[in-house]
Amino acid sequence: MSAIGHASKTIDINCEGTDPVSVAFTCDGKQIVSGERYSSTSRGLFRRFQLGENLNQSAGLLADVWDGFDIGVTSKDGQWVVSIGGKKVVVRNTATNEVVKVDQQDSVVHAIDVSPDSTRFALGLEDKTVRIFSMTGKRLLDPLQHDNTIFGVKFCPHGTRLATATFGGVVWAWDARTGAQLVRSHVDSNFVYGSADTPAQYFSPLGWSNNGQRIFVVSTGRIIAVDLRDTPQWYPKSVPASNEPRFCSRATNGRFIACAAGGTLSFWDTTSSYGQIGPTITFQDSIHSIALSPDDSHLACGRGDKKITVYSLRDILPLHVILDPTTRLPLMSVSDAAFKPWLQHTLPQAVWMLSKDMEGSDYHDPYDPIHHAIANYALVQACIGSWHMAVQHADRSLAMQPSAIGHIAKARGLLGQGQQELAFEAFDLAFRDCKADETRFLLLIKAIFMFISEKREYAIARVNDLITVADDSEKYDYLQVLANMHLMQGNTELTMQSFERAQSLSFFRRGFHLVTILLIFGRSFEELDIIVRRPLRETTTE
């Protein structure tokens with residue numbers, strides 16, 4: 001199996017004669033696990049593939065399944081593979097390829113899902129029941145009784161609830177710990193999910209909101225939102241109509257879902273407008289399976305032409321859809337209301353929204369954590385040159401609770417006042433109050449501080465050192481910083497070398513570090529891609 005593709009567009013993984021009936025990302029997002037089936041036999045494979053600079057590198061075979069295989073799923077921790085074929089359910093340990101449990105059910109299995117904590121799996125059967133087991137095959141609850149054949153099962157993000165869908169257009173919600181029925185809702189009589197010729201185990205039409213209060217169902221030509229506290233709601237816009245299987249995958253940040261219907265792939269807002277976001281992607285062949293990466297930056301799509309296509313969603317969707325600034329920004333936590341104008345450098349509006357985050361109002365609660373809101377306000381003040389205000393609010397934030405971003409905000413203010421020594425003393429305290437995995441990124445930010453302080457050669461040397469130890473997801477960001485430093489030094493050749501190297505890794509970028517840098521320093525270190533490349537090329541060819 002090989003991986004081919006344009007670095008900034010897609011990667012295609014050639015499955016060499018097998019149908020990729022399931023795809024999943026590992027917890028760290030650095031590998032894809034594929035469940036593949038040979039169409040002419042009962043044999044199947046589970047394989048793992050590395051995403052990185054060396055696109056042709058396979059991480060190896062997880063399981064070779066000879067005992068009947070229709071569909072399989074991999075647990076989020078990558079430790080277990082559960083495959084189903086007819087009435088047979090097989091659980092394997094991926095580390096040893098050991099068969100942990102073989103269980104013959106009373107009825108054909110049409111649907112399967114593994115819980116988010118990788119400790120349980122649920123089966124939807126033709127006999128109108130859903131059964132929940134431990135990974136060792138122990139039945140945990142009495143069968144959950146339905147009034148028709150089940151074609152979809154899905155645990156909510158916290159694993160406490162289970163959604164099920166049956167022929168006849170009924171969606172159910174259950175307490176996954178007790179088996180208590182929470183909701184039964186008839187949502188659509190026109191489900192098209194399987195037949196005698198196309199078994200329903202190919203389909204995964206269910207998704208959950210982050211809080212476990214809403215179920216999303218991909219139906220014929222539309223998406224239906226079932227609120228556990230209210231009546232079903234139809235989205236105002238529809239997915240492309242198709243009589244072929246359809247799937248959905250919910251973003252970890254809860255802001256969108258990816259939907260596949262026949263040979264089309266589309267993305268839909270799940271927070272406010274419920275409309276389509278980004279383009280519709282069309283294939284000549286049908287789609288067998290889809291999965292979003294844990295950080296929502298990539299999507300894998302198992303296709304009917306025996307390939308897995310991986311997309312970088314940074315090339316498809318707006319950044320504010322992919323990135324949840326309250327939880328995903330390195331070092332920082334920013335409200336959605338303040339993030340958008342700050343990101344767009346509309347600083348007066350950002351100042352106004354951050355003041356609301358700090359103090360609250362009749363219509364706006366103070367942002368939690370409040371010390372982050374105050375540190376954010378200090379950083380925006382630094383971006384507009386109000387150095388005294390920046391230091392004052394940074395001190396206020398640090399008095400409430402020491403944080404890395406509070407120390408950085410104070411250092412920005414002090415550096416702006418020309419107090420270099422005090423600025424670096426303040427900055428170094430950030431290493432004391434950061435998380436262990438944030439140290440390398442702090443060193444990058446410190447190098448930028450050094451560059452601003454005219455210690456340019458030293459700063460460039462430090463960034464080069466960091467690039468040698470960074471992984472692929474970080475390296476793009478670091479190389480963009482290096483390219484900008486060389487540009488400001490006036491070194492066109494080194495600028496282009498760093499930039500071209502960054503572009504070779506752009507498929508794997510998340511860019512979240514660059515977003516934090518933009519917010520701290522008030523300038524983008526990714527604009528080289530858009531603004532500078534053409535003038536540089538003209539300069540080098542003159």
Side-chain angles (χ1 to χ4, degrees), residues 8-10 25 29 157 207-211 213-218 222-225 233 235-240 247-261 264-282 287 290-301 309-330 332-346 349-350 353 357 367 376 473 476-477 506-519 524 526-527 529-530:
S8 63
K9 299 296 182 182
T10 63
F25 285 86
W208 283 90
S209 62
N210 268 10
N211 62 6
Q213 293 293 335
R214 180 171 289 178
I215 303 168
F216 300 103
V217 189
V218 185
R222 59 187 167 192
I223 304 169
I224 302 164
Q233 296 179 352
Y235 277 24
K237 296 186 179 180
S238 298
V239 299
F247 313 81
C248 71
S249 182
R250 179 194 63 89
T252 303
N253 66 22
R255 293 168 180 249
F256 69 96
I257 54 176
C259 295
T264 62
L265 181 65
S266 55
F267 304 88
W268 300 83
D269 172 53
T270 58
T271 59
S272 55
S273 71
Y274 300 127
Q276 184 173 352
I277 48 177
T280 297
I281 300 168
T282 303
I287 298 171
I290 59 174
L292 286 162
S293 63
D295 64 2
D296 304 321
S297 64
H298 292 80
L299 180 135
C301 179
T309 298
V310 187
Y311 290 90
S312 171
L313 296 186
R314 284 290 306 273
D315 296 325
I316 298 172
L317 301 179
L319 179 61
H320 70 267
V321 172
I322 300 171
L323 174 60
D324 180 353
T326 65
T327 59
R328 287 283 182 80
L329 277 175
M332 302 179 70
S333 176
V334 186
S335 70
D336 273 307
F339 178 66
K340 291 181 183 179
W342 196 356
L343 186 68
Q344 296 164 0
H345 209 65
T346 312
Q349 187 181 353
M353 291 309 307
D357 287 346
Y367 185 68
N376 295 339
S473 62
Y476 169 84
D477 298 355
S506 64
F507 182 86
F508 306 103
R509 80 193 190 280
R510 286 173 292 184
F512 298 170
H513 293 101
L514 291 178
V515 175
T516 293
I517 290 171
L518 183 155
L519 300 181
S524 172
E526 212 168 1
E527 286 183 351
D529 192 358
I530 303 167

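Along the sequence shown, residues are numbered consecutively beginning with 1.
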Taking the side chain as every heavy atom from C-beta outward, state whether Arg255 and Leu317 have any atom pair closer than 4.5 Å. no
Note: Leu518 and Ser524 closest approach over all heavy atoms is CD1-CB, 3.7 Å
Those residues at least two apart in sequence (or on a different chain) that pass side chain to side chain donor-acceptor pair (under 3.5 Å) with Thr516 are none
Note: Pro330 and His513 closest approach over all heavy atoms is CG-CD2, 3.8 Å
Inset, instruction - Would you check if Ser266 and Thr264 make a side-chain contact, meaning some heavy-atom pair closer than 4.5 Å? - result: no
Under a 3.5 Å distance rule, please check whether Thr10 uses its side chain to pair with a backbone N or O of Val310 as donor and acceptor. no
Sequence neighbours excluded, the answer for side chain to side chain contact (heavy atoms under 4.5 Å, CB included) partners of Pro279 is Ile316
The salt bridge (charged side-chain N to carboxylate O under 4.0 Å, His left out) partners of Asp296 (sequence neighbours excluded) come to Arg328
For Arg314, the salt bridge (charged side-chain N to carboxylate O under 4.0 Å, His left out) test, sequence neighbours excluded, returns Glu526
Output for pair (Phe512 CZ, Asp295 CG), nearest 0.5 Å, gives 5.0 Å
With sequence neighbours left out, the residues meeting side chain to side chain contact (heavy atoms under 4.5 Å, CB included) with His320 are Pro318, Phe339, Lys340
Rounded to the nearest 0.5 angstrom, the CZ-CG distance for Phe267 and Leu313 is 5.0 Å
message = Could you tell me if the side chain of Leu329 sits less than 4.5 Å from the side chain of Leu323, heavy atoms only?
response = yes
Nearest heavy-atom contact between Ile322 and Phe256 is CA-CE2, 4.4 Å
Side chain to side chain donor-acceptor pair (under 3.5 Å) filter on His298, not counting sequence neighbours, yields none
So, Ser249 side chain and Leu292 main chain: donor-acceptor pair closer than 3.5 Å or not?
yes
In short, Ala291 meets Phe25 closest at the heavy-atom pair O-CE1, 3.3 Å
d(Asn253 CG, Thr327 OG1) to nearest 0.5 Å is 7.5 Å
For Pro294 and Gly29, the nearest pair of non-hydrogen atoms, with its separation, is CD-CA, 3.8 Å
Looking only at heavy atoms, the pair that brings Ser335 and Asp357 closest together is OG-OD2, 2.7 Å
In this structure, CG of Leu299 is separated from SG of Cys301 (nearest 0.5 Å) by 6.5 Å
